[in-house]
Every structure is written in C-alpha cells, then in structure tokens.
Amino acid sequence: MDGMERILITSAIPYINGIKHLGNLVGSQLPADLYARYQRGRGNEVMFLCATDEHGTPAELAAAKAGKPVAEYCAEMHDVQAEIAKGFCLSFDHFGRSSSPQNHALTQHFAGKLAEAGLIREVVEKQVYSNADGRFLPDRYIEGTCPNCGFEKARGDQCEECTKQLDPTDLINPRSAISGSTDLEVRETKHLYLCQSAMKDQLDAWIDSKADWPVLTTSIAKKWLHDGDGLQDRGITRDLVWGIPVKKGEDDWPGMEGKVFYVWFDAPIEYIACAKEWADANGKADAEWERWWRTDKGAEDVKYVQFMGKDNVPFHTLSFPATILGSGEPWKLVDHLKSFNYLNYDGGQFSTSQGRGVFMDQALEILPADYWRWWLLSHAPESSDSEFTWENFQQSVNKDLADVLGNFVSRITKFCRSKFGEEVPTGGAYGEQETALIQELTSRLRAYEQHMEAMEVRKSAQELRAIWVAGNEYLQSAAPWSVFKEDPERAAAQVRLGLNLIRFYAVLSAPFIPEASAKLMEALNSSDTEWPSDVAAALSALPAGHGFTVPEVLFAKITDEQREDWQARFSGTRD
RNA sequence: GGGCCUGUAGCUCAACGGUUAGAGCAGAGCGCUCAUAACGCUUUGGUUGCAGGUUCGAAUCCUGCCAGGCCUACCA
C-alpha cells in the first residue's frame, strides 16, 4: 500500500442566523464532505472541520428578533445546525463554534502577534451611532433618501436604485434600518486595522504560486490585490457587545476596551481553533491538533483543502493568509481552494430573507439525504451558476438512483433468491464476458479516482453513474435468466458477479450516497469497505455460499403528485 | 460607474485553437422479460446569444452589442 496521505479539509463555516438553504449546502459543506469521505475511503488520514460562524450584527439582530440573549440564541442555533448536518450525513470530525473559548484565545493570540509585527494600526474614525438602538450602525444598517435619485430606501453604503456609492452622512432623512429611529448622531470611535497593504507583494507572490487554482479564485484575488490603489488595510474591530474582546494575546489593549474583533477576522481563525476544540472534546493533547496546523509540529506534509462559495474567496485568498503570514508563526496555509458558484432555484435565486427555495430542514422532511446529496453533487455549480428545478430533480433522481442503481440491485438480488436462494451461488467461473467487464470497470474506476482527486464533482458523478450503467449492460448481455435454463453453473457465476458488483458499487458510491451504501452493505452482510482498486479481486470478494438478504426498495421514485405538491409548497414564503 | 463570470440540442451540462460540436434526461423505433412499467440497443434534435475581426482552421482568441449573474472592501 502507498504511504498514507494526510488531508486537512475545511468547509466555509455557515452563519448562525438561521437554517441554510440547499444553495449554501452545495457551495461548501456537501462537496467538502464528498471529498472527505472519498479520501477516508482511500485509506488516507483525514481531518474534516466545520463550525458555526456566530459573531456580527446579523446574529445579534436575529437573537433580538427571537427574543433571546445572543449567547443563548447562538447555542441553540448551533445545535439545530449540527443536527441538520448530521441529517445530511456531513462527516465532520468536529463541528465547532467560532464563539468557543479556544477561538477567543487564538484570535487574541493572532492579534497580539500581528501587533508585535507592526501590522496593526489604530485609526480614529467617525461612525453613525443610534441612540435608540444603543449601538453603532454599520453603513448598511442606515437607510434614507438617496440625494442622487430620490430613492427612499437607499442604504448608507450604496443606493440600490441608482447604484451610486454613498456615505451615510449623504443620506437625506437618515434612519436606523433596525428600529427606524432617526435619533442618530456621528461619534468618534477608534478601531484597529490590519495592514494588508504592507503584505501585498507577499500575498501576490503567494497567489502567483498557485497556478492550479480555478480562474474564479485567482481572478477575484487579483482584483483585490491590484484594483485602484491595490490591497487596502482592513478594519478588524467593531463596536459590538457579542464577539471576541479585543486583546493583545492575553493582555488588555489600551483604548480598545468594550470592543470586539470583526467577525471576518475571527471566523477563519476558527478553522484552526476548531481543531483544538476537537482535541479538547476528545481528551487529546495539543500535539494531536497541532500536527494538522503547525508546520513546525508535524503539519509540513499535510495537504490542506478549503471549500467555499465564490463570495468567500477574498477572505480566504487574502485576509486570512494575511493573518497567518503576518503572525510570523509557522501555521499551515491552504494548498488548494475549491470555490463554487451559486445554485439558483426555479428561475430565480434562493433567498434566505424571502424564504424562497428549499431549506435544509425542509429537504430532510420530504426526502432522505441521499436524494439531495446525489442531485446537488451531480449538478454542483462548478463552472457557472446552476439551476434547481423540480422537474429536473425528479427526473434525475428517479432515473439515476431508482432505475439505474436501485433497480440493478433489485433485479440481481431477486433473481438470485428465486433461482439459488439468498446466498452467493456456487459453481461456474468467470469467462471472457466478465473479463471484458472488469477491464471496462477498471478504466472507469481510474477515471473516477482522478476526478475525485481533482475535486471535479460533476465529472465524478457522471463517471460513477456510468459505472452503475455498466452493471445493467452486463446483465442484459449475459442474460442469466436465459442461461440458467441451459447451463445453471454458468448462470451461477454471472449472478455471483452481479452480487459482487453491488458491494463494489456500495463502496464506490459511499461518498455520494452514504446511507444507501450502508444499506447495501448490510443487505450483503458485509463490512468489507476497502477501496476496490483491484477490480478483479473486488468482484470475487463475496465468496460462494455467502449469505445475503434482498434489501427493501433502495430509492422510491418521486411521483408527479409529490413533485407538484412540493413545487407549490416551496415557491412562496417560508412560514 | 468599475471589475469578473456566464450564454452550446426541448432540459441539465461537456468540448481547455485542430476530424463530422458531445453526454445524460426528455422524444421516436426495436429488443428483453430477471427487475422499482424497470433494463439494453438504435435513433431524431444545434446558424454554439447577435454583428464584425484575427487565423490554414474559432464554441474556443480580439472588438462591439444584447441578456443573465457575482463582486465592488462596514452583510457575512
């Protein structure tokens, strides 16, 4: 066996203020899980981390709306999201929280190191304060009439009507978007800025070294690096209550009392802190998580892959690397960054605020996770935005899962039961037809592996489907139901191959459809999940005489009635 | 306003300057009867958004236009 690889995988961490929709899921967590399951299946050592992103204004507002203290709200929503993630079979090694004590300490540590390196400067600026809300208002939370076009719901940063960039003080009749209060005033407040501009060349060179990254990824990074005056320094603190208190390591930061770090400073650091949460939760020593993240403590041979939606790219290509590089400490930087476009819903966008589309909890209410996993992954928005329609979903799932794979399992197990009983039949031997099949499967398996390694999600799904189809083609041409009448021994060998194909499929398909895969393994009474690199050997794994049971219908079809029902139910507003 | 991305068969997508633009689904025909009215084989669909240009050769490169999307640094 080849040397085991070590692969660190993180998915963009979902924001805490509600249940995510399918577009969010397919943009990061789901493909990350596919990759994690595949790499584990290949026998590699995987650390797959995700968490909830809990700080920032929207979390506070969502908590207020729910009538709960923000800490309590976040704790509850974290549990809700964790439960749903489990429902989708997302196989995180740990699902952490950006509000964890571990992340508090680590975020403060990074800030301290950056300050020591002279990469943080203090800036006094003017911001709008709402007396009624008792808080500073980010520009987007101030509404008023656009001085340019007269649009009445222009935001403090930009008018959506005429797209003109605005300063909050430009607005006529400014009011708080939170309470509607017009009792606003401009106050001075001091904030910390991360001197990203000082690291521009270093970041630029680092991005240039990533020739194999998708255009989508590098072009966004390049834009930020070179547009206008180049990479700008970024504010990393906010005047909020909920968040990580501004400290220099363990020491207070004079003049910054009562302020917290900006959510986008602490959120990516949670990728690292999450590993410590994992170690702490499992009673492991620090060395156990540090060997994933510290290149001076064993992480030099780790391959680190990040998954995210395209909106997250600038933070992962610039801000977070700036934090890591600027610290001067040997933390692991990302090796490969896989970004996704958006999934649209039935001619428009999924919308959290309008409740348009299917949300993760609702999806699980109507169908098992595997249906969603298969459709979403086989239609992942890799090269451009992609489109969910109920018709397409119904057709793809029925055809691929029920007809091609599910029915294959059904026809071979039921035929065997009726002619040979519920055990792998004895007698006969594989011949030319079987050799040809093994050859085809071998070349398809190699293609599947390559696509999976390259994180080509759609192509992987296509190849896997072709592997399923090959089983039906074989049965059609071998026709054991005819052969049985003349030569039962030969038919026995054919059926034996068919049953072994089921196990082969279960192992290969597990990254996409883990629940169905587990059901198949159970029906086959097998726990041999070793990756079938040698196809010929894999197709003899279940020996003659091995008992099995005919599984229940693996995938029930989606009926037209169901489809119409769901189409109507999810078109409007979420209740 | 600026930047980037996308536009290919009825639908969802491939094709990365090089045969006759491919695949799955849908449609049509044939076969099979083990199976979830399932499976297999064959087959009909394309002026590659529009108009120019470069090239021996363009879906691919360039220019302009049209349509959609994303980002634009205080949403996260």
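Computation of the quantities below employed the complete heavy-atom set of this structure, encompassing side-chain atoms and omitting hydrogens, waters and symmetry-equivalent molecules. The structure displayed is predicted, hence computed values, not measured ones. Below, read A as the first sequence line, B as the second, and so on, with proteins coming before strands; counting in each chain starts at 1.
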Could you work out the separation of [N] and [M] based on their [atom1] atoms and round it to a whole Å?
N	M	atom1	value
B/rG1	B/rG10	C1'	39 Å
B/rG46	B/rA14	C1'	14 Å
B/rU8	B/rG45	C1'	13 Å
B/rC16	B/rG29	C1'	37 Å
B/rC11	B/rU19	C1'	29 Å
B/rA51	B/rA59	P	14 Å
B/rU60	B/rG49	P	8 Å
B/rA15	B/rC71	P	25 Å

Would A/F393 and A/W372 count as a close aromatic pair, with their ring centres under 6.0 Å? yes

Mind calculating the distance between [atom1] ([X]) and [atom2] ([N]) to the nearest angstrom?
X	N	atom1	atom2	value
A/Y15	B/rA76	OH	P	6 Å
A/D311	B/rC4	CG	C1'	15 Å
A/H379	B/rA23	NE2	C1'	12 Å
A/D139	B/rA73	CG	P	10 Å
A/F393	B/rA26	CZ	P	16 Å
A/D266	B/rA76	CG	P	11 Å
A/K485	B/rC32	NZ	P	12 Å

Sort and list the pairs that fulfil salt bridge (charged side-chain N to carboxylate O under 4.0 Å, His left out) and have at least one residue in residues 489-505 of chain A, not counting sequence neighbours. A/E434-A/R490, A/R503-A/D528

Is A/I513 close to A/L405 at the side-chain level, that is, under 4.5 Å between some pair of heavy atoms? yes

Non-hydrogen side-chain atoms of A/H21 and A/V358 separated by less than 4.5 Å: no

Base, sugar-phosphate, or nothing: which does [X] touch, judged by heavy atoms less than 4.0 Å apart?
X	value
A/L554	base
A/G498	nothing
A/E391	nothing
A/N398	nothing
A/Q232	base
A/G235	nothing
A/T389	nothing
A/S386	sugar-phosphate
A/F484	nothing
A/Y262	base
A/V553	base

Just jot down the salt bridge (charged side-chain N to carboxylate O under 4.0 Å, His left out) partners of A/K419, sequence neighbours excluded, or say none. none

Identify, with sequence neighbours excluded, every residue that meets salt bridge (charged side-chain N to carboxylate O under 4.0 Å, His left out) alongside A/K259. A/D239

I'd like to check, for A/W481, whether its ring lies over the base of B/rC34 with centroids under 5.5 Å apart and a plane angle smaller than 30°. yes

For A/Q562, what residues pass the side-chain contact (heavy atoms from CB on, under 4.5 Å) criterion, not counting sequence neighbours? A/I558, A/T559, A/W566

Residue set satisfying side-chain contact (heavy atoms from CB on, under 4.5 Å) with A/S319, at least two apart, ordered chain then number -> A/Q196, A/R234, A/F315

[Y] versus [X], side-chain donor and acceptor atoms under 3.5 Å:
X	Y	answer
A/N398	A/K557	no
A/D400	A/S396	no
A/W242	A/Y73	no

Please determine, for the side chain of A/R465, which listed nucleotide (B/rU36, B/rG24, B/rU12) has the closest atom? B/rG24

With the side chain defined as heavy atoms from C-beta on, A/W224 is closest, among B/rC71, B/rU36, B/rA76, to B/rC71

Looking only at atom types and distance, does a side-chain atom of A/S176 sit under 3.5 Å from a main-chain N or O of A/I178, one as donor and one as acceptor? yes

B/rC74 base / A/E125 side chain donor-acceptor hit below 3.5 Å: yes

Identified stems (criterion: three or more consecutive Watson-Crick or G-U pairs, under 3.5 Å), RNA chain B: B:1-7 with B:66-72, B:10-13 with B:22-25, B:27-31 with B:39-43, B:49-53 with B:61-65

Please step through salt bridge (Lys or Arg N to Asp or Glu O under 4.0 Å) for the pair A/E382 and A/K459, ending with a clear verdict. CA-CA 10 Å; A/E382 288 179 296; A/K459 287 181 181 169; over 6 Å; no

According to ring pair (Phe, Tyr, Trp, His ring centres under 6.0 Å), who are the partners of [X], at least two apart in sequence or on a separate chain?
X	value
A/Y141	none
A/F512	A/W374
A/F420	A/F484

Given the 90°-from-0 boundary between syn and anti, B/rG45 should be labelled syn

With 3.5 Å as the limit, what N/O pairs link the protein to nucleotides 67-69 of chain B?
unit_1 : atom_1 : unit_2 : atom_2 : d
B/rG69 : O2'    : A/D385 : OD2    : 2.6

Please write out each protein N/O paired with an N/O of nucleotides 37-41 of chain B under 3.5 Å, distance rounded to 0.1 Å.
unit_1 : atom_1 : unit_2 : atom_2 : d
B/rA38 : OP1    : A/K557 : NZ     : 3.0
B/rA38 : O5'    : A/K557 : NZ     : 3.0
B/rA38 : O2'    : A/N407 : OD1    : 3.1
B/rA38 : O2'    : A/N407 : ND2    : 2.2
B/rC39 : OP1    : A/K399 : NZ     : 3.0
B/rC39 : OP2    : A/K399 : NZ     : 3.4
B/rC39 : O2'    : A/R411 : NH1    : 3.0
B/rC39 : O2     : A/Q476 : OE1    : 3.1
B/rC41 : OP1    : A/E473 : OE2    : 3.2

Listing time: all N or O pairs from protein to nucleotides 14-16 of chain B that are below 3.5 Å?
unit_1 : atom_1 : unit_2 : atom_2 : d
B/rA14 : OP1    : A/S383 : OG     : 2.2

Take A/E185 and A/R187 through the salt bridge (Lys or Arg N to Asp or Glu O under 4.0 Å) test and state the conclusion after the steps. CA-CA 6 Å; A/E185 62 179 67; A/R187 288 190 184 178; 2.9 Å; yes

